[in-house]
Each structure stands twice: as C-alpha cells, then as structure tokens.
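To keep things clear, I will list the structure first and then write my remarks on it.
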Amino acid sequence: MGYEQAWLNYHQVKDQSFRKYLTGVYSLEEDAIICSGIRELTLAMEHMYAVTLPCDKGAAESGIHLRKNSEADLGQEGYHIYPEGPVFVIEGCTSQGILYGIFQLLRRLQTEVVAEEINDNKLPDNPLRMLNHWDNMDGSIERGYAGHSFFFKDNEVLVNERTLDYARLAASVGINGVVINNVNVKNAATFLITPRYFADLRKIQEIFASYGIKLFLSLNFAAPLELGGLQSADPASDTVKDWWTDKLKEVFQELPGFGGFLVKADSEGRPGPFTYGRTHAEGANMLADIISPYGGIIIWRCFVYNCRQDWRDLETDRARAGYDHFQPLDGAFRDNVILQIKNGPMDFQVREPVSPLFGGMKATNQILEVQIAQEYTGQQKHVCYLLPMFREILNFRTHCEQDKDTVGDLISGRTYGQKHGGMAAVINTGADENWTGHDLAAANWYGFGRLSFDRNLTAEEIAAEWVLLTFGSDPKAMAVVHGILMNSWNVYESYTSPLGIGWMVNPGYHYGPNVDGYEYDRWGTYHRADHRGLGVDRSSKGTGYATQYHEPNASLYETIDTCPEELLLFFHYVEYAHCLSSGKTLIQHIYDTHFEGADVVEATVKGWKGLEGILEPIAYERVLARLENQELHAKEWRDVVCSYFYRKSGIADERNRQIF
Ligand code: GCV
C-alpha cells in the first residue's frame, strides 16, 4: 500500500493471539456502513495476518461477530469490543458504532495488544466531530499547504478514489461531519446549492454516508441576491424567507441526509445580517427555522471582528470582538443553531488565551474550532504537533460553574446539557500523495479526530499510536518521531512569537518573520513595541479584554504578577528589563528562546538523519527536506526577531551572540 493510506497502511503484526478469530466475519446486518466495516476488516486482515477473511450473513460459533444490540448502553455512536469464548464481538446500537468498533480493534491489533486483553467500551465525548475544508471551487485551498483540493477542480466537483480514501481515514478516527467548501463562499461556490452540482454532491454524500459522515456545505448569506436575483438578503424579509424555503426544500430533496450549513457572516468582507440592521441571531434563526423540518443544523461562526480597526486607537481591541458580538445574544439562538468559536480570541496563533466565549454563554450550543492547517504555526513546512495545545484548551477551566466547567465539558454538553456541540478542525489536507505535504503533519489530522472522540487521550498517547500506525514499530523510529512531535509546538513558539504576542509574520501570506507585519495594522503598532518594552495592556486599565473572563481567571490575567507567563505579552505591556520567573529579563528571554529554538531544530535534523535505513526511503527523504528547510527558516526567524528587539531596546545580549 502507498502513502495515500496514511495511518491505515496496515502492517504485519507480531502478536498472533487474534489469529484464532480469523475464521470469518459474521453480521446479520448488511447496510452500507456495515459493508464498509467488513471491507476494512478484510483489507486489514489480509495485510496484518495474510488471511483472506470469509464473510457471512448468518451466525457462527467462532470468528468476528458484528453485533447490533439496541439494548446496549452505547448511544448512537458507541462501541464495545471484547472476546467471548471463540468469538470476538464488535457491538454497537448502530452500524456507525460498530464501524468505530472495527477501527478501534484494528488500531489495537496494530499496536500489538493481546486479543484476550481487549475490552474497550466507548461512547464519543463530543456529538459533532467535524472537519472544515477551506477548498475553493477552482481547486485552490485557502491556507492550504498540501497541494490542490481533491474535492474541486476548475469549478467542478471531483469524486474519485481519493474521496473514498478520505472518508475511510476520517471515519477511522471518528469524524462524523465534513464541510467540503471554504467558509469564504464566493463565485462558483455560491452555486453549489443549485442543480448544476447536485448529482456530484450526491455521490460524495453517498460515499461519506457509507462511513457515517454527514456532508455539510458553507453558505453564502447573500445567495438570495446572487442566485435568486432578489434585491435583498434581509433575514426579516418574507420574500427572502420564501426564497430560502424553496431553496432548502430543493437541497434536501436532492441530497437526502444532508447535514446543514456552516456560515461565515459579517466578517472579512463576507455578507451577513448587519447589512440589514439585524443581529447574528436573527440571521442564523431565519435559516435554522427553515432547515429545521429536515433535521438540518446551522453552524454559525463567531469569527466576527472589524478588520479595518485602527490599531493606533488604544480603546478598540480585536480580541474583544467575538465576546462583544455574541455573548449578549446568549439564549437567543434556536436549538438547531450552533455557534462555532475559534479556540482563541484572535486567529489560530501559536499561543493565545482561550476565547472567553467559552463559559461566557450558558444557553447556546457551541463548537470549538481549531486549525490543523498550521496557517500561523509553520504551514506544514515546519513540524508543529498541535495536540498538546488542544489538550490545554479542552482542559481550560472557565469557572462558569463550580465544576464541569472546562471547555471540553461545555462543548460536549456536559455543563449545560446542550444536545448539539463538539469540535471542528480546519483541515490540513490536499491532493499531495501523503495528504498533508509534511508527513508528520498527518499526526494533527489523526490526533484531532482521536481527541474529539475521546477527550481523555493524552497528546503523548495519540502521538505514540500515530507513529506506530504510520511508520511501524521500530523502537528507534518510534522514540525519535515521538520526541520530535512532542517537542514541536514549544520549539516553534520559541523561535517565532514570544509570550503570546502573536502574529509577527509576513502579511497576507502569514509565514516568515516580520515583526511589524500584521496585515490589518499598517502602522506596525499592534504589539505596542517601543524602546522601553512591548505587549498589549488588556487589563481593566487597558482594553478591558481580561474582564471578559469569569473569576478567578479575570484577576489572574489582570496583573503582570499573576498572569501566566506564556501569555504575558498578550495581556500586558512589559518592560524589557522586567524579570521573569526564570530570573531572566524579558529581552534576554526573547534572545535565549530564539537561539535555543533554532538550535533544537538543528539537533532535530541530526536526530532524523539517524533514521536513515530504518524508515522507508521516500518518507525519510521527504521529511528530511522539510526539516532542513525548517532549520534554515528557524534561524532566519531567530535573527529577524532578535535584531528587531535589539534595535528597539538597545539592550545587548548578555551572552554576546551575534545578532544580525
Ligand atoms: C477562511 C483568517 C485566515 C483567513 C480565513 C479566516 C477565517 O483570517 O487568514 O484565510 O478565511 O481566518 O477563519 O474565516
């Protein structure tokens, strides 16, 4: 099998304890999802044990039994897998649960677990586990770093082998919803909800459905104008409502089982209800009411801010915008509307505080949006395994209640009992053979799915699983790759943007060092760096952003002394001479971390070279080329950032290193 199989590239296993169950796979059911599961089992067993697994409808005394048991306490998507005498049982209340059980079994066998010891029982922690593609219909991908889209080309919808491979990979880690087009819905994408595209979308939908995945689309709020020729898209207008009513009826007739829409409104130039003096709730609810009879949902993004803000004005603060726009609307959204909230108040920076909207809303469905496309975290040119960050976000205590108050609790519905919620990732895939450009970036896709299904998995466990499934079980390879992944987020942070200040990248492209380069701030002032210090005062005396949190978080962020150090410059203006907990001054911290970070990347390249001859040559060389490039760029980052702050502060490096 080739790279297109990624972590489903089943290797031969050493442990043979499962072999006794390979007499056949038996199921009384025969729907599309079960057929996918059986196909997966047969394929895997062929590669893992060189056995062609017979498949039968009836019951048997031995073998692998797929058992649909509506009495089991496994919800709509849970599974229980266990040996029962000569039979190995994969049980679920639904076919989808059984499919997830099959993938779990294959994972366990690939990781050399003894068959008799398997007894896994799991219901997913989040109802929605989604991937968001920012794919455009011309085949380009906004913030895509792994080649062209495999969903669209030249304004046509693509359906091929890759669609199936993609569905297998996504389902194997528990993904149950996919938005295939960019949230910036322009040009041909507006027409996706017209007859021109229904037949192809239906094909994608059928493939997805056979893996338990619902198809979603991003929606253009101005479609009534652009498609319908109306004069307005005002959500309060009856003509507009009638237009949407007809349109959604047509969509659901053509695409039965369709999931619903993701909407980016009134943000970065996209149309929305503001044009008509309406609120986001009025905009979202209009669509929600119309889609409700079909069981559809409206996912409404909270990434709304004024990108024309004047950053010289110390009162306005982009970080405040999400909360200011949406918190007052808590409770105003329909049951089938879900607000999708980026993890931080800014935009997928390497370090941000958790958005105060989590915990700020009690009566609103919420999805946590993260980005594995690495727009600001190395663009899949640098290795940056993001699961440690995601774990921190999920475990963040909002203090909205005494307990069950973490982000993980809120989005799963455990805190306030919401039915809809979950996690979405802006995905990092493209048409590149290995899906993600950088081979190691696939760990983020794998990891996102695994974590969204089971929030208790640690980043270490997920990384270990992925390395083994992808590269096999050579101990040296496992140790080196695991080590690289687990270090990578902190290392990337250390040579790029210090202590939560963010950005410092080339405008538009968002890659490469440029301290003053934030595109929406042509005055180079967003970081407030001057000859004395840098950082943004977001305390109550500054922009007031820190007050959007519940206590004790608000007080924690309020002062320099109590603010978590990794976020110091996000919340405070700090003088270069300020002494940090390490005993170093701020300026020395900037110099040291940038030098250390670049040094670690240099050492990483050396470590990787030790895997030559152990890893399969193509993947080995491909990663090596990326790491060497990362080393070069980390040094450039180090030099640009250090020299910028040396010039601003006039304070020399205590260690007298050459600062260019
Ligand atoms: C899809 C950032 C990105 C944009 C993206 C936007 C969003 O601003 O740079 O490319 O647009 O976020 O999340 O909508």
Side-chain angles (χ1 to χ4, degrees), residues 130-146 149 151-152 178-190 192 216-222 261-272 274 280 283-284 298-309 311 317-319 321-322 325-326 338-350 352 355 357 366-380 386 393 423-430 448 496-497 502-512 514 517-522 526:
M130 302 193 67
L131 298 175
N132 291 181
H133 288 260
W134 285 356
D135 293 24
N136 299 314
M137 294 209 53
D138 62 2
S140 64
I141 301 180
E142 185 156 346
R143 313 305 173 189
Y145 311 106
S149 169
F151 286 125
F152 307 111
V178 173
V179 186
I180 58 171
N181 65 312
N182 189 357
V183 286
N184 290 326
V185 188
K186 297 177 194 165
N187 313 321
T190 305
L192 276 172
F216 288 77
L217 291 173
S218 295
L219 186 84
N220 182 347
F221 195 80
F261 295 105
L262 174 64
V263 189
K264 173 176 177 177
D266 290 313
S267 173
E268 298 183 334
R270 301 318 304 141
F274 283 174
H280 283 282
I298 298 296
I299 306 174
W300 195 267
R301 292 178 87 226
C302 293
F303 183 63
V304 177
Y305 69 102
N306 175 10
C307 60
R308 298 207 181 84
Q309 170 191 342
W311 284 82
D317 181 5
R318 170 174 174 178
H325 280 298
F326 286 94
I338 314 176
L339 294 192
Q340 184 160 302
I341 307 164
K342 285 194 184 185
N343 61 273
M346 289 300 204
D347 195 6
F348 304 133
Q349 301 302 294
V350 67
E352 287 187 50
S355 166
L357 272 173
Q366 293 157 53
I367 286 181
L368 164 69
E369 178 180 318
V370 294
Q371 192 198 50
I372 53 181
Q374 290 183 246
E375 176 182 357
Y376 290 97
T377 47
Q379 302 198 347
Q380 294 158 234
L386 291 163
I393 295 163
M423 292 174 73
V426 178
I427 176 79
N428 56 1
T429 52
F448 168 79
T496 55
S497 160
W503 318 101
M504 308 214 313
V505 285
N506 284 310
Y509 187 40
H510 299 167
Y511 181 86
N514 185 340
Y518 175 53
E519 71 242 37
Y520 295 125
D521 168 26
R522 60 199 149 90
Y526 79 90

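Keep in mind that what you see is a predicted model, and the values were worked out from it rather than measured. Both counts, for ligands and for their atoms, begin at 1 and track the order of listing.
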Query raised in the report: Between His280 and His325, how do the two ring planes meet: parallel, tilted or perpendicular, split at 30° and 60°?
Result: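 Rings of His280 and His325: perpendicular, over 60°.
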For ligand 1, is there an N or O atom under 3.5 Å from any N or O atom of [X]?
X: Trp134; value: no
X: Glu142; value: yes
X: Arg301; value: yes
X: Glu369; value: no
X: Glu268; value: yes

Query raised in the report: Only one of Asn181, Asn184, Asn187, Asn182 forms a side-chain hydrogen bond (donor to acceptor under 3.5 Å, both in side chains) with Asn136, so which one is it?
Result: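 Option passing the side-chain hydrogen bond (donor to acceptor under 3.5 Å, both in side chains) with Asn136: Asn182.
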Query raised in the report: Counting N and O atoms only, with roles assigned by atom type, does the side chain of Gln349 sit under 3.5 Å from a partner on the main chain of Glu352, one being a donor and the other an acceptor?
Result: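 It does not hold such a pair.
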Query raised in the report: Just by distance, do the side chain of Asn220 and the backbone of Thr190 share a donor-acceptor pair under 3.5 Å?
Result: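 A pair under 3.5 Å: no.
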Which residue and heavy atom of the protein sit nearest [atom], plus the separation:
atom: atom 14 (O) of ligand 1; answer: Lys264 NZ, 2.6 Å
atom: atom 12 (O) of ligand 1; answer: Lys342 NZ, 3.1 Å
atom: atom 2 (C) of ligand 1; answer: Asp347 OD2, 2.9 Å
atom: atom 1 (C) of ligand 1; answer: Asn184 ND2, 3.2 Å
atom: atom 9 (O) of ligand 1; answer: Glu375 OE2, 2.5 Å

Those atoms of ligand 1 less than 4.0 Å from some heavy atom in [X]:
X: Asn182; result: 1 (C)
X: His510; result: 9 (O)
X: Phe303; result: 6 (C), 7 (C), 8 (O), 12 (O), 13 (O), 14 (O)
X: Val183; result: 1 (C), 14 (O)

Report task. Evaluate the side-chain proximity of Phe261 to Ile299: yes if any heavy-atom separation is below 4.5 Å, no if none is. Result ->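 Side chain of Ile299 against side chain of Phe261, heavy atoms only: no contact under 4.5 Å found.
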Query raised in the report: Ile141 and Gly430: which non-hydrogen atoms are nearest, and at how many Å?
Result: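 Nearest pair, atom of Ile141 first, then Gly430: CD1-CA, 4.1 Å.
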Query - Atom of Ala222, atom of Pro271 and distance for their closest heavy-atom approach - result: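 Closest approach of Ala222 to Pro271, heavy atoms only: CB-CG, 3.6 Å.
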Query - Gln371 to ligand 1, any heavy atom closer than 4.0 Å - result: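 No, Gln371 has no heavy atoms under 4.0 Å from ligand 1.
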Requested in this report: Answer with yes or no whether the side chains of Tyr145 and Gln379 bring together a donor and an acceptor at under 3.5 Å.
Outcome: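 The answer is yes; a qualifying pair exists.
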Query raised in the report: Under 3.5 Å, is there a donor-acceptor pair linking the side chains of Glu369 and Gln340?
Result: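 Looking only at side-chain atoms, Gln340 and Glu369 do form a donor-acceptor pair, the distance falling under 3.5 Å.
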Report task. I would like to know whether Val179 and Met130 meet side chain to side chain contact (heavy atoms under 4.5 Å, CB included); could you show each step before the answer? Result -> CA-CA 8 Å; Val179 186; Met130 302 193 67; 3.9 Å; yes
